[in-house]
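Working notes, beginning with the structure itself.
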2 protein chains.
Amino acid sequence: MGIVERKEREKEEMRKLILEAAQKLFLETGFEKVSIRNIADAIEYSPATIYLYFKDKNELLYAIHNIGFQKMIEEFYPALSLADPFDRLVEMGRRYFRFAFENPELFDLMFIMNAPMDALACRDDIWDEGRSAFGLLIKCVQDCIDAGVFKYQDAEVAAIMIWSSVHGYTALFLRKRLDMFEESRRKELMEEAFDLFIKTIQKGL
Amino acid sequence: MGIVERKEREKEEMRKLILEAAQKLFLETGFEKVSIRNIADAIEYSPATIYLYFKDKNELLYAIHNIGFQKMIEEFYPALSLADPFDRLVEMGRRYFRFAFENPELFDLMFIMNAPMDALACRDDIWDEGRSAFGLLIKCVQDCIDAGVFKYQDAEVAAIMIWSSVHGYTALFLRKRLDMFEESRRKELMEEAFDLFIKTIQKGL
DNA sequence: CTTGTTTACTAAACAGTGTTCAGTACATTT
DNA sequence: AAATGTACTGAACACTGTTTAGTAAACAAG
């Protein structure tokens with residue numbers, strides 16, 4: 001029965017075709033400005049076809065959000081091989097930053113936009129991608145605790161605190177709430193604030 | 001010439017009428033789901049009329065964003081009268097939180113959504129509301145430095161760090177990125193993480 | 001009081017959006 | 001060769017933000 005296998009393969013390829021066209025359009029034009037019709041035009045199919053492969057636009061965005069997590073975790077890996085656990089943590093923070101600046105649209109989808117979470121909610125599923133990425137952070141924080149870098153013992157709570165902080169800079173920056181500082185000083189200021197955070201948790205956590 | 005004055009008064013009242021109807025609809029239905037036509041219906045005018053008082057939807061959202069800042073700064077004031085500067089800082093953080101939880105749609109508009117910043121950008125204006133709210137925080141941090149609570153001397157950088165952190169929790173929570181924790185533990189976990197942050201900067205900053 | 005002008009407003013249209021569904025043409029099975 | 005199943009689409013539905021031409025009332029000047 002090679003025929004059903006071929007069909008499944010074709011179906012998978014079509015999903016990929018849609019996803020790649022969508023991703024390309026989204027990343028170069030921004031998520032808000034790309035419509036289902038644009039994507040359909042790009043792959044030379046009718047808009048209705050897309051709905052044979054994705055329940056709605058949120059599902060499509062959720063699928064791209066997943067690609068984003070794959071990419072982010074890939075970029076985290078080199079950091080995880082550093083010897084010192086605290087260096088590891090700092091490098092993860094820097095990479096979170098860098099990922100956001102280099103892939104602002106993807107980051108937005110992964111951590112700011114409502115759409116992908118709405119897709120999750122209406123299937124009442126769990127956010128596995130977020131969980132596994134957060135898992136990397138927790139492990140790293142636990143290593144810091146075990147190595148005696150941090151006195152505080154609850155790795156999960158500490159991880160939330162660290163994530164929130166790093167995410168805060170990023171979200172404020174991407175959503176233009178730091179534009180009240182002159183453009184020249186902006187990045188420098190963020191660097192300084194991040195360094196300050198690092199030094200503060202090194203001393204105080 | 002009382003006639004032009006009356007006309008100006010009427011114009012101002014119409015703006016208010018639109019703004020209040022819009023605000024009411026937005027806060028009870030969410031910003032994404034309210035259209036210009038909905039607002040027009042609510043005040044029993046044609047949609048086109050709204051465009052005589054606001055350039056576009058972004059300007060309308062920006063105006064409501066301003067109301068939000070008035071409200072937030074009002075809620076900050078009691079915190080500013082606390083005697084101890086560090087208590088002041090902590091209380092401001094708690095009130096930032098509380099404001100976000102009690103007015104999620106307003107908070108979204110003020111610190112997460114793109115629309116109001118787009119309105120600002122296309123008039124190339126400065127985000128005065130943000131600046132003045134941030135000013136309160138800087139002053140508070142400066143007081144902590146002067147009182148010897150913090151060793152670190154740059155109030156602006158420290159303020160950015162603190163804002164980012166508090167904002168991080170809030171943004172992740174509001175955009176449902178903390179839903180991977182069980183609902184029962186969620187708020188408790190956030191409280192703990194915030195307390196940890198407070199203790200950490202108290203020791204390490 | 002009658003002009004002319006300004007103002008406030010709206011109906012209707014434009015160009016777009018996400019989404020659904022009946023219908024078609026082709027592939028596969030019987 | 002006929003019947004079934006699948007992949008796809010044209011066209012529509014009910015919206016969206018926004019613009020424009022036109023109307024009716026308010027006002028100012030003669």
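- When the nucleotides dG17(D), dA7(D), dT9(D) are ranked by their closest atom to the side chain of T49(A), dT9(D) comes out on top.
- Note on E20(B) versus R15(B): no salt bridge recorded, every NZ/NE/NH1/NH2 to OD/OE distance being 4.0 Å or above.
- The residue Y53(B) sits close only to the backbone: its heavy atoms come under 4.0 Å of sugar-phosphate atoms, none of a base.
- Between the P atom of dT17(C) and the CD atom of E32(B) lies a distance of 17 Å, rounded to the nearest Å.
- Under the 6.0 Å distance and 45° angle rule, R88(B) does not count as a cation-pi partner of F76(B).
- One can find a donor-acceptor pair under 3.5 Å joining the base of dG18(C) and the side-chain atoms of R37(A).
- Remark: P of dT6(D) and CE of M14(A) are 17 Å apart, rounded to the nearest angstrom.
- Rounded to an integer number of Å, the gap from CG of D118(A) to P of dT19(C) is 12 Å.
- Within 6.0 Å of CD on E28(A) lie more than 12 heavy atoms contributed by other residues, nucleotides or ligands.
- One interatomic measurement links the two molecules: CD1 of I36(B) to P of dT19(D), which rounds to 11 Å at whole-angstrom precision.
- The phosphate of dT17(C) (OP1 or OP2) has a side-chain N or O of S35(A) nearer than 4.0 angstrom.
- For A48(A), taking side-chain heavy atoms from C-beta onward, the closest of the listed nucleotides dC21(C), dG17(D), dC9(C) is dC21(C).
- In this structure, K57(B) atom NZ and dG17(D) atom P are separated by 4 Å, rounded to whole Å.
- Taking every side-chain heavy atom of P47(B) into account, dT18(D) is the closest of dT18(D), dC9(C), dC8(D).
- Put simply, CD on E10(B) is 8 Å from P on dA8(C), counting in whole angstrom units.
- Counted within 6.0 Å of CD on E10(B), heavy atoms from surrounding residues, nucleotides or ligands total more than 12; the atom is thus considered enclosed.
- A straight line from CG of D41(B) to C1' of dC15(D) spans 13 Å, rounded to a whole angstrom.
- Aromatic ring centroids of F107(B) and Y96(B) lie under 6.0 Å apart.
- As rounded to whole Å, 15 Å separates atom C1' of dG17(D) from atom CD1 of I18(B).
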